[in-house]
Each structure stands twice: as structure tokens, then as C-alpha cells.
Number of protein chains: 2
Amino acid sequence: MKPTKTKPAADHSTEEKIKNAARSVFHKKGYAATRTRDIAEEAGINLALLNYYFRSKEKLFDIIMTETMQGFLTSIMEILNDEKTTFEKKIEIIVGNYIDLLIEQPDIPLFVLSELRANPETLVSRISNKKVLMKSVFIMQFQQQIKAGKIAPIHPLHFIMNMLGMVVFPFVGSPMLKSIGDLKQKEFDELMQQRKKLIPKWVNAMLKIK
Amino acid sequence: MKPTKTKPAADHSTEEKIKNAARSVFHKKGYAATRTRDIAEEAGINLALLNYYFRSKEKLFDIIMTETMQGFLTSIMEILNDEKTTFEKKIEIIVGNYIDLLIEQPDIPLFVLSELRANPETLVSRISNKKVLMKSVFIMQFQQQIKAGKIAPIHPLHFIMNMLGMVVFPFVGSPMLKSIGDLKQKEFDELMQQRKKLIPKWVNAMLKIK
DNA sequence: AAGTATTTTAATCATTTGATTAAAAAGATA
DNA sequence: TATCTTTTTAATCAAATGATTAAAATACTT
């Protein structure tokens, strides 16, 4: 019989193998370009097992996508809402953590952004509480800095765009950047390491510009 | 008989209709998620005509991709290699032109970046002369500014990543950004207009940081 | 207008692909 | 061990999809 909706055993080896393979292939090729056979092969299992454990390609994808977003968002929201760290310190931590994460899983941003474009309604709702980021301690601290005249009065989204842009874009565009800069993977990674220290400095310099 | 390899008439209406539809659909959904039937429907033509004029989905895609990259690169390379404009002026022009382009064709970056990920070798060669950007007048001017001590000595790619990141990322991530910022399209576009003036200022401030 | 070439259409093919099924294999239970 | 349950496999299905074909419609040439 087929597995019940309530998971029988948490770490069932085959189920995990399939999920790991699915994560890898979906992240690399996206939903549309992924064949369930690709996943089965990557997992080293019979194709039918995929449907046996996950019912359909779409259901499997939804699980992977949810987990991916979850892992991506919860960690950052904790940082953003930490009352104890200063605004500047938060920038350092976020930039550092994100770059570390992206060095290990460089396919995630393009994966998320592509699927978000293909399916804005569904996925945006998964971020749930839309305004949760804009009401974070981080943004409050940003507003306070403006009131205190310490940084220029700009829309917080400008700031988000700049920071995310500088952190994420290099990974999204890495094939192009490595090509035009004639960089090997190692040299690229070195630049990313540098950016962990540089971006916070740059961001702070920008914030002072009126 | 089928059309010869040397185009018979440049603006053949049907051929153009197909290409326009293909450009629109490919840009929006990417290669894998696009069905030739989608293109035919969008163009209002019989499916067989697509193969009659372009032989295959792949050949049609190659044409669209080449034209897209071409239009994207040639315009920018002209700006980058203009001997008459200063370094700072070039930044203004590039940022302004790119943002204007992206407001009109916001799907292009994610399209290019996604297909580049799916097919790095092929597409990177299409950018041809790899080092063409790194040997542009723009980069030479950048190096001179460093020598003159006017800007901090960083790898030019950092600078490219920052500028492109700030310009391109908002469009790549617009569904997410509009959602978390609770912005309508019009408000989003207003932010983009502001960025045409802001980004050059920010970039210049960053460049001064040691 | 007649004849020829080009363009367009409807029908159809062949392959790919997500999914199912029935049976075999492996595992658990008594 | 015998019986039942769960997992795995091979074979197959049905729908989707890229592509082709033969005929019809249109345009062009003389």
C-alpha cells in the first residue's frame, strides 16, 4: 500500500534519496526543464517510486520549494528581528551569512527567482505575511537612523534592493561574470569572500549620501 | 517550397509575427516552459508555419537569443568605449539607459541569466571576445582613477557586480520586491526612476571607500 | 486566364514524459 | 515457516509536444 499522508518514518532512506535528488535537479534546472526521470536517475531509483512516495512531480516540487524558501527565510528573519544587535551589525551578519550560504548553494537564487516569475501568486503567498519584512526590527532601526539624521531619507526598499543586489547578483550572473572576468571558480570564490567585508562598508557609505 | 536560407524578404509579415510572438513568450517563460503551440497562438498562426519558417523550436530560440544578446550588448559597448565621456559620465549614461531598457523589457535579465545557467558554454561564446569588456575604455578609465588615487583599489569586477547588481536585481526580483514592499507597478516604476539618479551617486560613494 | 510558385491549413506522426498497474521482491508478524 | 504488509520493479498508458505531410488557398508570372 502507499504511504499515508502522515509520514510513517521520518528518514525513510528512499524517500530522502528522492528528495535530495529532486532538490539538486530542481535547483539546477528549474521545474519545467526537469524530467521526473532525471530525478529518478540522480536518486538511483525506479521512476515509479517517485510517484509512489510523492504522488506527482508537482507535489514533489512543492515540497522542495517550500523547504527551500523556509530555510532561506526563517534564518534571515531571526537576524532581522534580533533586538540586541545594532543596525550596522545586522548588515554585517546578513551579508556574511548570505554569501556563505550562496557559496554552498549557488543555484538557489536563480531557482527561486525563476519560479517566482513563473508563478508569482502562489509563491508570493508562501512568503505569507507580506509586510513581515517591512515591519522587522531591522527596518525600524533603518527608519530611526533616518530620523536621527544619520543616514539619508530613502525608501527602505532602495536599501534592500542595493544590499540584495550586491550580494545575490554575483551568484545569479556568475557564468557571465566568470566569463567576462576570465575567472576560475576559485578566484570567483575569493572575490565573494572579499565581498563579505566590502559590501557592509559600501552599503554604509551609500546610506550617507543625500 | 520552403524559404531558402538567405532570407527572401526582410520583413515578411508572418515571419515577423512569429518572431515577435516567440520573443515575447521565450522572454516570459524561458525555453523549457515554452510550447511551440504557445508561440503559434500568440502569433495567431497555424503551428506548422513555425516549422515552415524556422525549422525547429531550437533554431527559432537561437535567433531570438542572439538578437536579444546583441541588442543588449552592442549598445552598451558603444557607451563603454566612447573616448570622449568621462568615467563618471559613463556611469550615469549606462545606469540611465539600462534602467530605461529594463522598464520596457523587464523580462530580459531573468531570461538571459536563466538560459545562461542552462547552457553556459554555448551562450558565453556568443558574448564572443571574452575580454572585450575588461579591455574597454571604461575599465581603462577605472584603472586610471585607481592609479590617480581617486578611487580605492578593488578588482574591476567588484565594481561591475555592484553596478549591475543594483541596476538589474530590482527587475529580476520585482515580484518578490513588489510583494514585500506592497507596491503597485506604478510605485515600483517610480522607484526605478529615482534609481537612475541615485545609483550613480551611490556607486561613486562606494568607490571612495578604502 | 492559365500555369507556377509560395503560403497556409488540417490531419497525423513519433517521441517524450508524467503517471499507473500488476506482479515480484523484500520485510515484518504471528 | 506461513501469512500479511510494504517496497520495488518492469511494462505500459495516456496526454503533451515538436515536427511532418499532403492538400488547399493564395500570390505571382507570363
Side-chain angles (χ1 to χ4, degrees), chain A residues 1-65 114-115 118-119 122, chain B residues 1-65 114-115 118-119 122:
Chain A
M1 218 191 82
K2 298 175 183 183
T4 49
K5 282 166 197 172
T6 50
K7 307 267 173 73
D11 76 328
H12 193 293
S13 170
T14 303
E15 200 172 323
E16 275 307 306
K17 268 197 292 183
I18 296 173
K19 264 178 61 172
N20 289 336
R23 187 179 307 110
S24 168
V25 179
F26 278 138
H27 281 185
K28 193 157 24 181
K29 314 212 303 182
Y31 180 81
T34 294
R35 322 281 156 225
T36 52
R37 282 162 175 83
D38 298 338
I39 296 173
E41 189 184 8
E42 172 92 9
I45 53 107
N46 185 292
L47 171 59
L49 279 183
L50 189 150
N51 294 290
Y52 176 72
Y53 281 102
F54 296 97
R55 308 277 308 176
S56 73
K57 176 188 178 185
E58 204 182 337
K59 289 219 171 61
L60 176 54
F61 177 81
D62 282 347
I63 290 170
I64 298 300
M65 174 55 83
S114 296
E115 302 304 335
N119 226 329
T122 316
Chain B
M1 218 190 81
K2 297 174 185 182
T4 50
K5 282 167 197 171
T6 48
K7 309 267 172 70
D11 74 328
H12 192 294
S13 170
T14 302
E15 201 172 324
E16 275 308 305
K17 268 196 293 183
I18 296 173
K19 265 178 61 174
N20 289 335
R23 188 178 306 112
S24 168
V25 179
F26 278 138
H27 281 185
K28 194 158 23 182
K29 316 214 302 183
Y31 180 81
T34 294
R35 322 281 157 223
T36 52
R37 283 164 173 81
D38 299 338
I39 296 173
E41 189 183 7
E42 171 92 9
I45 52 107
N46 185 292
L47 170 59
L49 279 182
L50 188 151
N51 294 291
Y52 176 73
Y53 280 102
F54 297 97
R55 307 279 306 177
S56 74
K57 177 188 178 184
E58 203 182 339
K59 289 219 172 62
L60 176 54
F61 176 81
D62 281 347
I63 290 170
I64 298 299
M65 174 54 85
S114 296
E115 302 303 336
N119 225 329
T122 318

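All figures in this text were calculated on a predicted structure; none of them were measured in a lab. First the proteins, then the strands, lettered A, B, ... as listed; each starts at 1.
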A:Tyr31 six-ring face occupied by A:Lys57 cation (under 6.0 Å, within 45°) = yes
query = Can you tell me how far P of C:dT17 sits from CG of A:Leu60, to the nearest Å?
reply = 17 Å
inquiry  = Here's a test for you: under side chain to side chain contact (heavy atoms under 4.5 Å, CB included), which of B:Thr34, B:Thr36, B:Ile64 qualifies with B:Val25?
reply    = B:Thr34
task = Look at the side chain of B:Lys57 and decide which nucleotide, out of D:dA19, C:dT17, C:dT8, has an atom nearest to it.
result = D:dA19
query = Within the structure shown, what part of the strands sits under 4.0 Å from B:Leu47 by heavy-atom distance: base, sugar-phosphate, or nothing?
reply = base
key: Nearest-Å distance for atom pair CZ/C1', residues A:Arg37 and D:dT9   = 14 Å
request  = Find the distance B:Phe54:CZ to C:dT7:C1' and express it as a whole number of Å.
outcome  = 14 Å
query = Looking at D:dG18, D:dT8, C:dT7, which one has an atom nearest to any side-chain atom of B:Tyr52?
reply = C:dT7
inquiry  = When you measure from the side-chain N and O atoms of A:Thr14 to the phosphate of D:dT8, is any distance below 4.0 Å, counting only OP1 and OP2?
reply    = yes
request  = Mind calculating the distance between CG (A:Leu49) and P (D:dT6) to the nearest angstrom?
outcome  = 16 Å
message = Looking at C:dA19, I'd like to know if its phosphate oxygens (OP1 or OP2) sit under 4.0 Å from a side-chain N or O belonging to A:Thr36.
response = no
key: Base C:dG18 paired with A:Arg35 side chain (donor-acceptor, <3.5 Å)   = no
query = Looking at side-chain heavy atoms only, is the closest gap between B:Phe54 and B:Lys19 below 4.5 Å?
reply = yes
query = Would you call B:Phe26 and B:Met65 a side-chain contact if the rule is heavy atoms closer than 4.5 Å?
reply = no
task = Could you work out which one of D:dA10, D:dT7, D:dT20 sits closest to the side chain of A:Ala48?
result = D:dA10
ask   = Under a 4.5 Å cut-off applied to non-hydrogen side-chain atoms, are A:Asn20 and A:Glu16 in contact?
value = yes
ask   = With respect to the phosphate group of C:dG18, does any side-chain polar atom (N or O) of A:Asn51 fall under 4.0 Å of OP1 or OP2?
value = no
ask   = Which one, D:dT17, D:dT7, C:dT8, comes nearest to the side chain of A:Tyr53?
value = D:dT7
query = What is the distance, rounded to the nearest whole Å, between atom CD1 of A:Ile18 and atom C1' of D:dT9?
reply = 13 Å
ask   = For the pair made of NZ in B:Lys59 and P in D:dG18, what is the distance, rounded to whole Å?
value = 15 Å
note = When rounded to whole Å, the CG to C1' distance for the pair A:Asn46 and C:dA24 reads 12 Å
inquiry  = Rounded to whole Å, how long is the line connecting atom CD of A:Glu41 with atom P of C:dT17?
reply    = 12 Å
